[in-house]
Amino acid sequence: DNLNDRLTFINLPEGAWNVRIFNRWGIQVYEKKDYRNEWPETKITHGNYFYIFENQKTGKQFKGWVEIVE
């Protein structure tokens, strides 16, 4: 149905944001500079994933998690 297929953030302050995404074991599974709401790029396993968004210029961070269900 193409709904909720990507990790999309709205209302993030303007700027260049880097993102790192980790699986439940703390293994980094994705990293992207200047993120443009494109994760996951391919099909991934269901479960919990944790993210860190960091502004390249200010160092400000947002942390959280997302649950992928099939």
Side-chain angles (χ1 to χ4, degrees):
D1 65 1
N2 291 328
L3 298 175
N4 300 318
D5 289 342
R6 300 279 185 256
L7 180 61
T8 303
F9 287 88
I10 55 175
N11 299 326
L12 268 182
E14 289 289 323
W17 292 87
N18 297 338
V19 66
R20 291 181 292 151
I21 299 178
F22 304 86
N23 65 17
R24 64 181 172 171
W25 296 286
I27 298 170
Q28 185 172 306
V29 296
Y30 183 80
E31 182 176 18
K32 180 76 173 186
K33 292 185 178 185
D34 198 25
Y35 183 67
R36 301 279 185 226
N37 298 323
E38 59 247 11
W39 183 79
E41 296 174 332
T42 60
K43 185 172 172 67
I44 60 172
T45 306
H46 66 280
N48 292 329
Y49 292 84
F50 302 86
Y51 59 81
I52 300 173
F53 273 82
E54 183 173 13
N55 186 293
Q56 297 177 54
K57 296 176 185 171
T58 66
K60 186 168 185 165
Q61 290 186 344
F62 295 100
K63 299 177 183 180
W65 62 275
V66 61
E67 182 178 7
I68 305 297
V69 295
E70 294 180 3

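These values consider heavy atoms only, across backbone and side chains, with no hydrogens, waters or symmetry-generated copies.
- V66 and F50 are members of different hydrophobic clusters when ILVMFWY side chains are connected at heavy-atom separations under 4.5 Å.
- Between I44 and Y30 there is no side-chain heavy-atom pair separated by less than 4.5 Å.
- Here the rule is side chain to side chain contact (heavy atoms under 4.5 Å, CB included) with I52, and of K63, E31, Q28 only K63 fits it.
- Cluster annotation: V29 is not connected to W65 through the hydrophobic network of ILVMFWY side chains, with a link wherever side-chain heavy atoms come within less than 4.5 Å.
- In the model, Q56 has a side-chain atom that pairs as donor or acceptor with a side-chain atom of N18 under 3.5 Å.
- Close placement of the Y51 and F53 rings is indicated, their centers lying within 6.0 Å of each other.
- In this pair, F62 and W17 present their aromatic rings tilted. The plane angle is within the 30 to 60° band.
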